[in-house]
Number of protein chains: 2
Amino acid sequence: MSDHDELIHSLRARGHRLTPQRRLVLEALQHGDHHMSADEIAQTIIAHYPSISVDPATIYRTLRWLRDVDLVSETSLGQNHMVYALLGSDDHHHLVCEGCSGVIEIDPSILDPVRQELKARYGFAARLAHISIFGLCARCQIGEHEG
Amino acid sequence: MSDHDELIHSLRARGHRLTPQRRLVLEALQHGDHHMSADEIAQTIIAHYPSISVDPATIYRTLRWLRDVDLVSETSLGQNHMVYALLGSDDHHHLVCEGCSGVIEIDPSILDPVRQELKARYGFAARLAHISIFGLCARCQIGEHEG
DNA sequence: TCTCTATCTGCAAACAGTTGCACATGTATT
DNA sequence: AATACATGTGCAACTGTTTGCAGATAGAGA
Ligand SMILES: [Zn+2]
Ligand SMILES: [Zn+2]
Ligand SMILES: [Zn+2]
Ligand SMILES: [Zn+2]
């Protein structure tokens with residue numbers, strides 16, 4: 001059984017269904033760019049299948065479901081909407097500058113010690129994949145203090 | 001000059017104004033509970049000064065301003081609204097369970113190494129005060145796997 | 001105290017995302 | 001293939017938050 005089939009089987013065993021809408025959202029995430037907004041996902045579906053329309057509410061519900069089963073990340077990059085990405089490859093986090101809106105992609109291992117400590121101390125399994133950390137980049141820290 | 005006066009002076013020097021609306025939001029944050037939603041702030045203002053009304057947009061803009069000058073934190077606790085809190089006392093972070101919505105308050109020092117490493121490696125000044133980390137609490141991890 | 005202007009406010013419209021509900025459908029079972 | 005029901009979908013209404021704009025005002029300077 002392939003990984004994909006196994007995943008589907010495992011999800012079905014837990015009472016989840018694989019509907020056409022869900023397949024379309026997954027396909028859009030596979031074909032699209034790394035970070036996709038809900039609207040970009042909708043546009044991609046329309047572009048590939050002009051005769052089909054998927055309700056925005058269904059897209060949002062599908063994305064939440066994919067996040068809950070750990071297939072997709074939901075991330076803020078400091079814009080006024082979330083972006084979604086398939087998990088499992090091209091692993092990284094983001095430093096988002098609140099001064100210039102710049103985004104620096106960083107190695108994800110920086111959070112490993114925190115994740116381990118949260119598990120050891122509190123038994124808490126942190127969902128820390130593909131997240132953003134907000135703050136000020138080096139350039140934007142200059143001229144921060146009164147003057 | 002008191003700390004408070006010095007702060008006001010420093011803000012004014014940067015072109016910021018201290019308007020009645022901003023004073024009211026600050027006062028509400030001082031009098032209210034630790035975590036306040038924008039709506040709770042509005043309600044607190046109305047309760048204290050029934051004749052005055054502050055537009056919600058102004059409250060949101062004031063909260064963003066207070067956050068940008070590092071006086072207030074803006075935090076998601078997994079509800080569909082943000083909560084705001086004055087910074088500087090009762091320092092902590094949150095572990096928010098996506099299974100049962102429970103919130104565990106934790107010691108803030110756990111993120112100190114990350115903050116230091118981000119500064120050293122990338123020159124990035126992370127705004128990591130009073131944040132939330134999402135995941136699953138010990139109890140909600142039981143029965144997570146297919147069955 | 002008066003003037004000036006950059007900043008701030010209120011309003012209304014817009015936006016991202018959620019929710020309630022009635023109907024539709026995927027999937028297990030037969 | 002037909003049945004049955006839990007789960008999912010579309011729609012419309014709603015919530016929390018942001019934005020554009022025109023008029024108001026805090027605070028600096030004269
Ligand atoms: Zn920057
Ligand atoms: Zn990314
Ligand atoms: Zn839990
Ligand atoms: Zn808190």
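All chains are named by letter (A, B, ...) in the order of the sequence lines, taking the proteins before the strands, and each is independently numbered beginning at 1. Small disclaimer: the values here were computed from a predicted structure and weren't measured.
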Please determine whether side-chain contact (heavy atoms from CB on, under 4.5 Å) holds for the pair B:T19 and B:T58, giving the CA-CA distance in whole Å, both sets of side-chain angles, and the decisive distance to 0.1 Å.
CA-CA 11 Å; B:T19 63; B:T58 298; over 6 Å; no
According to side-chain contact (heavy atoms from CB on, under 4.5 Å), who are the partners of B:N80, at least two apart in sequence or on a separate chain?
none
side-chain hydrogen bond (donor to acceptor under 3.5 Å, both in side chains) pairs, two or more places apart, involving residues 39-53 of chain A:
A:E27-A:Y49
D:dG16 C1' sits how many Å from B:L63 CG, rounded?
13 Å
Tell me the interatomic distance from A:L24, atom CG, to C:dT25, atom C1', rounded to whole angstroms.
15 Å
When you check every protein heavy atom under 4.0 Å of nucleotides 10-19 of chain C, what one-letter string (B, S, -) results, 5' to 3'?
BB----SBBB
note: A:R17, atom CZ; D:dA4, atom P; distance rounded to Å ~ 16 Å
Polar atoms only, N or O, under 3.5 Å: list the protein pairs with nucleotides 28-30 of chain C and their distances.
none

Could you state the atom-to-atom distance from CH2 of B:W65 to P of C:dC8 in whole Å?
8 Å
note: B:I41, atom CD1; D:dG16, atom C1'; distance rounded to Å ~ 13 Å
For a quick test of your reading: what N or O donor-acceptor pairs under 3.5 Å do the side chains of residues 98-105 of chain A make, sequence neighbours left out?
unit_1, atom_1, unit_2, atom_2, d
A:E98, OE1, B:R127, NE, 2.4
A:E98, OE1, B:R127, NH2, 2.7

Stepwise, does the side-chain contact (heavy atoms from CB on, under 4.5 Å) test hold for A:I41 with A:V25?
CA-CA 7 Å; A:I41 291 167; A:V25 170; 4.3 Å; yes
Using OP1 and OP2 only, check whether a side-chain N or O of B:T19 sits under 4.0 Å from C:dT7.
no
Would you say the ring centers of A:H130 and A:H92 fall short of 6.0 Å from each other?
yes
Write down the distance between NE2 (B:H16) and C1' (D:dA28), rounded to a whole number of angstrom.
16 Å
Provide, to the nearest angstrom, the distance between the CZ atom belonging to A:R23 and the C1' atom belonging to C:dT25.
13 Å
With side-chain contact (heavy atoms from CB on, under 4.5 Å) as the criterion, how do A:H94 and A:L77 come out once you've worked through the C-alpha distance, each side chain's angles and the decisive distance to 0.1 Å?
CA-CA 8 Å; A:H94 317 83; A:L77 293 178; 3.6 Å; yes
Donor-acceptor contact present, side-chain B:Q141 to main-chain A:G123, <3.5 Å:
yes
Round to the nearest Å and state the distance from A:Q79 atom CD to D:dT18 atom P.
14 Å
Have a look at the helix from C:dT1-D:dA30 to C:dT30-D:dA1 and give the angle its two end axes make, five pairs each, rounded to 10 degrees.
40°
Is there a path of hydrophobic side-chain contacts, each under 4.5 Å between heavy atoms of I/L/V/M/F/W/Y residues, joining A:I59 to A:L24?
yes
Describe, in one word, how the ring planes of A:H16 and A:W65 are oriented to each other, choosing from parallel (under 30°), tilted (30 to 60°) and perpendicular (over 60°).
tilted
pair A:L63-A:E74: side-chain heavy atoms closer than 4.5 Å:
no
